[in-house]
Asker: 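I have a structure I would like to understand better, so I am pasting it below and will then ask my questions one at a time.
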Amino acid sequence: MISEFFWLYFLQTRPRTQCLYHHIQLLNKHIIHTGVPMFLDFMSEVEGLLHAALERCGYKVEEGVNNLGLELSPHADLASSVAFRLAPVLKKSPVAIAREIHQALGQNFSYVQKVELSGPYLNFFMSRKFLDRVIQQALADNAWTGRMNERVIVEHTSANPDGPLHVGHIRNSVIGDTLVRILRRAGCTVDAQYYVNDMGRQEAMVVVGCDHFQLDGSKADHAVAKVYIAANRLMETNPEIRDEADQVIQRYEAGDDETVAKIQSAIKYAIGGIEGTLHRMNIRHDSYHWESEFVRKGDVSEILGQLEKTGLTEYEEGAFQLDLTSYGFEKKMVLKRANGTSLYITRDLAYHRWKSLNSDRSVDVLGADHKLVSGQLCTALRLLGVREPEVVIFEFVSLPTGSMSTRKGKFISADELLDEVEKQAYEEVKVRRPEESEAFLKVVAAQVATGAVRYDVVKVSPDKATTFDWKQALDFEKLSAPFIQYSHARACSILRKGEDLCKAETSQEGQNDPAQADMLIGENEIALIKKIAQFDLVIDRAARELKPHQLATYARELAESFNHFYRYSPVLDAEPRLRQARLALARAARNALRTTLETLGIDALETM
RNA sequence: GGGCCCGUGGCUUAGCCAGGAUAUAGCACCGGGCUUCUAACCCGGGGGUCGCGGGUUCGAAUCCCGCCGGGCCCGCCA
């Protein structure tokens with residue numbers, strides 16, 4: 001019975017030497033299916049070989065992350081720089097140590113073909129057997145799924161229902177939804193949640209706005225925004241609007257029927273519009289949770305009571321506050337207003353406690369402006385003895401003219417962006433496929449647009465602040481979704497023609513030769529198989545570290561590998577047995593591309 | 001003023017947390033490749049003090065300290 005399992009990770013892929021590390025997991029439920037040879041298994045074998053060799057030499061490496069110095073390298077499938085680590089301790093040259101370890105490695109290889117000594121480095125190479133099994137795995141009907149088995153709640157988007165999503169919100173939505181997909185691929189059961197801010201001032205302003213202005217016939221979320229912006233403008237000259245909003249907040253918290261009805265219908269109306277936009281981007285939430293739920297159920301007052309017991313609370317000018325100065329927060333956290341109504345942070349505390357109790361992991365995707373408040377929230381949760389969420393922070397998206405604001409009507413909506421990108425995509429498809437029907441052009445344009453928008457967002461690390469740029473958004477030339485979608489479409493095209501060819505020959509000659517994977521010896525073929533093999537590592541690492549952009553990078557590399565294969569290894573013109581082998585690889589690559597695209601939430605077009 | 005994040009060829013960007021062998025790509029620029037499975041592709045070329053200065057180390061884009069520049073935050077808003 002295995003009680004421990006080494007999770008192996010690696011950073012990136014291509015040329016430069018990259019760091020790998022492992023992480024000991026103590027829970028059986030995390031064990032990866034060992035019958036599915038992917039990169040993790042190759043790496044596992046390398047680790048075992050190295051540990052055994054080190055033991056034979058009588059060498060000990062210190063416990064620690066990546067203590068074997070494993071890394072992806074342009075010189076090998078996996079390289080170890082462990083000799084460098086041992087040199088200061090053993091007072092020998094790294095080259096001599098590497099030589100000793102190399103001699104002690106033995107020959108009990110399965111997925112390892114050979115180990116080459118290169119100065120102080122030990123270079124491990126994959127065996128034919130491993131490569132063949134990778135193809136078999138990729139050819140299987142079911143896409144690869146990991147064994148994480150955790151129940152995860154991912155909260156993302158959660159935009160106030162006071163207007164449409166804008167280009168800043170979609171960074172949240174795309175990162176969040178991609179994480180949901182990555183976690184599911186890794187084997188988790190994921191509940192994607194939208195937290196609805198129904199008790200805040202913003203929503204009260206929408207209701208006040210609806211009392212003074214008419215919702216027009218535009219898309220629901222846009223109509224709501226107009227009313228909301230108008231109400232805010234009105235407040236500048238008529239300060240009593242603020243009092244009206246305050247009264248709405250108080251009546252709603254008190255449960256006044258008429259106010260409840262007004263707020264809820266306004267929210268449902270706005271959310272309907274927001275959902276429409278999300279659906280265009282292949283994003284769906286599994287459940288919606290309203291902050292008022294947690295007030296009405298009594299969770300909020302229960303939490304206030306528990307926090308009072310910590311002895312860190314106090315009343316200041318009638319407001320109930322939590323003093324977190326000893327935890328490094330200089331400002332006190334106000335839990336209840338002097339007028340008795342609750343605040344966002346208090347309701348959020350209740351929501352987070354509920355999430356923690358109903359999941360193994362909970363993930364929040366939040367903009368950089370929430371950093372401080374989510375730090376306070378986590379500290380308060382710790383005081384309550386509740387597991388903290390894992391918070392994924394993304395830096396701001398601003399406009400060339402400054403930051404966006406729904407209230408001021410200063411934003412570029414997601415709908416506007418999608419419309420423009422789709423228009424551009426339509427022109428591109430029309431040039432390339434003039435013979436196709438209008439319906440075809442429209443479908444392809446829409447799917448290319450969705451992909452282009454999602455990929456543009458997800459390819460950049462969340463901690464880079466960005467400035468929205470139309471020119472860049474509409475330029476989906478190379479480093480973008482269409483590049484990957486196109487590779488997939490090419491693979492599909494080969495497979496379609498290959499099938500026809502096989503049918504014709506089968507009817508003529510009776511029998512096809514079975515595919516011979518070991519005929520795939522071209523440099524580009526091997527490279528493609530190796531790239532396919534890395535999928536499990538990318539998913540595993542992205543799921544654990546919550547870094548979706550790593551999958552975006554992998555997708556580009558996979559497509560690139562396929563394009564090289566496409567260019568240098570003719571499939572249909574090859575002699576029958578080789579053709580079979582290459583068709584199998586094309587199918588394996590098609591499956592890998594499709595799975596990767598699906599995990600990114602990008603449509604895998606079969607033709608474009 | 002304090003806290004967090006970012007700074008990599010003209011522009012955008014990977015790698016950084018877990019330091020290792022020639023620093024990743026794209027755009028733009030120069031040149032080449034469609035009678036051959038979809039050229040939304042492929043190949044070659046030029047272009048880099050990895051913000052600056054110290055330190056740690058056999059070895060630093062990566063770790064530590066200081067500085068400079070940019071973003072975000074510091075509400076009885078969310």
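All values below come from the heavy atoms of this structure, side chains included, with hydrogens, waters and symmetry mates left out. In the text below, chain A, chain B and the rest are named by the order of the sequence lines, each starting its count at 1.
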Asker: For RNA chain B, determine which residues of residues 313-325 of chain A have any heavy atom closer than 4.0 angstrom to one of its atoms, and list them numerically.
Answerer: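 Heavy-atom cutoff 4.0 Å gives A:E316, A:E317, A:A319.
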Asker: Would you please test A:H370 and A:D364 for side-chain hydrogen bond (donor to acceptor under 3.5 Å, both in side chains) and show each step?
Answerer: CA-CA 11 Å; A:H370 286 70; A:D364 289 353; over 6 Å; no
Asker: Consider the side chain of A:E330, meaning its heavy atoms from C-beta on, and name the nucleotide among B:C37, B:U22, B:G2 that approaches it most closely.
Answerer: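 Of all the options, the side chain of A:E330 is nearest to B:G2.
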Asker: So does A:N197 get a side-chain nitrogen or oxygen closer than 4.0 Å to the phosphate oxygens (OP1/OP2) of B:A78?
Answerer: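 Answer is no, no contact under 4.0 Å.
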Asker: If you go through the side-chain atoms of A:N123, does one of them form a donor-acceptor pair with the base of B:A21 closer than 3.5 Å?
Answerer: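 By the distance-only test, yes, there is a pair.
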Asker: Which part of the nucleic acid, if any, lies within contact of A:D573, taking any heavy atom under 4.0 Å across all strands shown: a base, the sugar-phosphate backbone alone, or nothing?
Answerer: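 Contact class for A:D573: sugar-phosphate only.
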Asker: Nearest-nucleotide wise, let me know which of A:R432 and A:S80 is further upstream toward the 5' end of RNA chain B.
Answerer: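 Its nearest nucleotide being more 5', the pick is A:S80.
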Asker: If I take atom CG from residue A:L343 and atom CD from residue A:E291, how far apart are they, to the nearest 0.5 angstrom?
Answerer: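 If I round to the nearest 0.5 Å, the distance is 10.0 Å.
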Asker: Rounded to the nearest Å, what distance is computed from the CD atom of residue A:Q485 to the P atom of nucleotide B:C41?
Answerer: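 One finds 12 Å between P of B:C41 and CD of A:Q485, rounded.
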Asker: What is the distance, rounded to the nearest whole Å, between atom CZ of A:R582 and atom C1' of B:C37?
Answerer: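 Roughly 11 Å, once rounded to whole Å.
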Asker: Work out how far the P atom of B:G51 is from that of B:A23, and round it to whole angstrom.
Answerer: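 Roughly 15 Å separates the two P atoms.
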Asker: Can you list the residues that meet the side chain to side chain donor-acceptor pair (under 3.5 Å) rule with A:E155, with sequence neighbours excluded?
Answerer: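 For A:E155, the residues satisfying side chain to side chain donor-acceptor pair (under 3.5 Å) (neighbours in sequence not counted) are A:S158, A:K355.
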Asker: Do A:D246 and A:R201 pass the salt bridge (charged side-chain N to carboxylate O under 4.0 Å, His left out) test, and can you show the C-alpha distance, the side-chain angles, and the key distance before you say yes or no?
Answerer: CA-CA 7 Å; A:D246 280 339; A:R201 186 168 299 280; 2.8 Å; yes
Asker: State which of B:A40, B:A78, B:A21 makes the closest approach to the side chain of A:V373.
Answerer: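 Output: B:A78.
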Asker: In whole angstrom, give the distance that lies between atom NZ of A:K371 and atom P of B:G71.
Answerer: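 Rounded to the whole Å, the gap is 14 Å.
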Asker: Can you identify which nucleotide, out of B:G71, B:A78, B:C42, has its nearest atom closest to the A:F483 side chain?
Answerer: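 The answer is B:C42.
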Asker: From C-beta outward on A:R242, which listed nucleotide comes closest to its side chain: B:C77, B:C17, B:A40?
Answerer: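 So the nucleotide nearest the side chain must be B:C77.
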Asker: Evaluate the criterion salt bridge (charged side-chain N to carboxylate O under 4.0 Å, His left out) for residue pair A:E606 and A:R590; output intermediate values, then yes/no.
Answerer: CA-CA 10 Å; A:E606 299 200 352; A:R590 192 273 315 265; 5.5 Å; no
Asker: Within this structure, what is the CZ-to-C1' distance between A:F84 and B:A21, rounded to whole angstrom?
Answerer: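 Distance, rounded to whole Å: 8 Å.
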Asker: Measuring from A:E436:CD to A:T607:OG1, what's the distance to the nearest 0.5 Å?
Answerer: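 A:E436 CD to A:T607 OG1: 6.0 Å, rounded to 0.5 Å.
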Asker: Should B:U24 form a Watson-Crick or G-U wobble pair with both distances under 3.5 Å, which nucleotide is its partner?
Answerer: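 B:U24 is unpaired by these criteria.
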Asker: Between B:A14, B:A78, B:C17, which nucleotide has the shortest distance from any of its atoms to the side chain of A:H549?
Answerer: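 Closest nucleotide to the A:H549 side chain: B:A14.
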Asker: Rounded to whole Å, please give me the gap between CG in A:D364 and C1' in B:A78.
Answerer: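 From A:D364 CG to B:A78 C1': 14 Å.
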Asker: Closest to the A:S403 side chain: B:C72, B:A39, B:A78?
Answerer: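 Of the candidates, B:C72 comes closest.
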Asker: If I take atom CG in residue A:D369 and atom P in nucleotide B:C74, what distance separates them, rounded to the nearest angstrom?
Answerer: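 After rounding, the reported distance stands at 8 Å.
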Asker: Only counting residues at least two apart or in another chain, list the ones meeting side chain to side chain donor-acceptor pair (under 3.5 Å) with A:K530.
Answerer: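 By the side chain to side chain donor-acceptor pair (under 3.5 Å) rule, A:K530 matches A:D77.
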Asker: Counting just side-chain N and O atoms, does A:Y566 come under 4.0 Å of either OP1 or OP2 of B:A39?
Answerer: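 For B:A39, OP1/OP2 do have a side-chain N/O of A:Y566 under 4.0 Å.
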Asker: If the C1' atom of B:C43 is compared with that of B:C52, how far apart are they to the nearest Å?
Answerer: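 B:C43 and B:C52 have their C1' atoms separated by 39 Å.
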Asker: Below 4.0 angstrom from OP1 or OP2 of B:G75, is there any side-chain N or O of A:K331?
Answerer: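 Checking B:G75 against A:K331, a side-chain N or O does come within under 4.0 Å of OP1 or OP2.
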Asker: Please determine if a side-chain N or O atom of A:R490 lies less than 4.0 Å away from the OP1 or OP2 oxygen of B:C37.
Answerer: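 It does not, given that no N or O in the side chain of A:R490 lies less than 4.0 Å from OP1 or OP2 of B:C37.
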Asker: For a quick test of reading the model, state the closest non-hydrogen atom pair linking A:A473 to A:D456 and the distance between them.
Answerer: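 Closest pair (atom of A:A473, atom of A:D456, distance): O-OD2, 3.9 Å.
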Asker: So A:Y195 and A:F294, would you call those rings parallel, tilted or perpendicular, with 30° and 60° as cut-offs?
Answerer: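 Taking A:F294 first and then A:Y195, their aromatic rings sit tilted (interplane angle of 30° to 60°).
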Asker: Under a 3.5 Å cut-off for both distances, is B:C67 Watson-Crick or wobble paired, and to whom?
Answerer: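 WC or wobble partner is B:G51.
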Asker: Let's see if you can work this out: which of B:C42, B:A78, B:C37 has an atom nearest to the side-chain heavy atoms of A:H370?
Answerer: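 Nearest to the side chain of A:H370 among the choices is B:A78.
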Asker: With both distances kept under 3.5 Å, what pairs with B:U57, Watson-Crick or G-U wobble?
Answerer: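 Across any shown strand, B:U57 pairs with none.
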Asker: Between the protein and nucleotides 43-45 of chain B, which nitrogen or oxygen pairs are less than 3.5 angstrom apart?
Answerer:
from: B:C43; atom 1: OP1; to: A:H564; atom 2: NE2; distance (Å): 2.8

Asker: Taking atom C1' in both B:C30 and B:G10, what distance in whole Å separates the two?
Answerer: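 15 Å, rounded to whole Å.
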Asker: For A:Y455 and A:Q485, which I'm curious about, is there any donor-acceptor pair between the side chains at under 3.5 Å?
Answerer: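 No donor-acceptor contact under 3.5 Å links the two side chains.
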Asker: From the set B:C42, B:C58, B:C76, return the single nucleotide nearest to any side-chain atom of A:R567.
Answerer: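 Closest nucleotide among those given: B:C42.
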Asker: Using the P atom as the point on both nucleotides, what is the distance between B:G3 and B:G66, in whole Å?
Answerer: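 It works out to 10 Å between them.
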Asker: Which value, rounded to the nearest 0.5 Å, describes the distance between A:T553 atom OG1 and A:L558 atom CG?
Answerer: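 Going from OG1 on A:T553 over to CG on A:L558, the span is 12.5 Å.
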Asker: Under the ring pair (Phe, Tyr, Trp, His ring centres under 6.0 Å) test, which residues partner A:Y288, sequence neighbours left out?
Answerer: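 Ring pair (Phe, Tyr, Trp, His ring centres under 6.0 Å) list for A:Y288, sorted by chain: A:Y194, A:H285.
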Asker: B:C29 pairs with which nucleotide, Watson-Crick or G-U wobble, both distances below 3.5 Å?
Answerer: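 In the structure as shown, B:C29 has B:G45 as its Watson-Crick or wobble partner.
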Asker: Classify the nucleic acid contact of A:V334 as base, sugar-phosphate or nothing, counting any heavy atom under 4.0 Å across all strands shown.
Answerer: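 Answer is sugar-phosphate: A:V334 comes under 4.0 Å of backbone atoms only.
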Asker: How are the rings of A:F562 and A:Y566 set relative to one another: parallel (under 30°), tilted (30 to 60°) or perpendicular (over 60°)?
Answerer: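 Rings of A:F562 and A:Y566: tilted, as their planes differ by 30° to 60°.
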Asker: Across all strands, who's sitting opposite B:A39 as a Watson-Crick or G-U wobble pair, both distances under 3.5 Å?
Answerer: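 For B:A39, the partner nucleotide comes out as none, under the 3.5 Å rule.
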Asker: What's the closest nucleotide to the side chain of A:R201 if the choices are B:C77, B:U22, B:A78?
Answerer: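 Shortest atom-to-atom distance from the side chain points to B:C77.
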Asker: Nearest-nucleotide wise, let me know which of A:S118 and A:A425 is further upstream toward the 5' end of RNA chain B.
Answerer: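 Taking each residue's closest nucleotide, the earlier one in sequence belongs to A:S118.
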Asker: Nearest whole angstrom, please: distance from the C1' of B:C41 to the CZ of A:R556.
Answerer: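 These atoms are roughly 15 Å apart.
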Asker: Determine the interatomic distance between P on B:A25 and the same-named atom on B:G19; round to the nearest Å.
Answerer: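 B:A25 and B:G19 have their P atoms separated by 23 Å.
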Asker: Give one of base, sugar-phosphate or nothing for A:S374, where a contact means two heavy atoms less than 4.0 Å apart.
Answerer: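 Here A:S374 touches no strand at all.
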Asker: Quick one, A:I241 and A:M205 - any side-chain contact, counting heavy atoms below 4.5 Å?
Answerer: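 The answer is yes, as the side chains (C-beta and beyond) meet within the 4.5 Å cut-off.
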Asker: In whole angstrom, give the distance that lies between atom CD1 of A:I393 and atom C1' of B:G71.
Answerer: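 Atom-to-atom, A:I393 to B:G71, this comes out as 14 Å.
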Asker: May I ask you to check whether A:N524 and A:S569 show a side-chain donor-acceptor distance below 3.5 Å?
Answerer: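 No - no donor-acceptor pair under 3.5 Å links their side chains.
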Asker: Just to be sure I understand the rule, does A:S398 reach a base, reach only the sugar-phosphate, or reach nothing, if contact means heavy atoms closer than 4.0 Å?
Answerer: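 Result for A:S398 = nothing.
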Asker: Any N/O pairs under 3.5 Å between the protein and nucleotides 6-13 of chain B? List them or say none.
Answerer:
from: B:G7; atom 1: OP1; to: A:K464; atom 2: NZ; distance (Å): 2.9

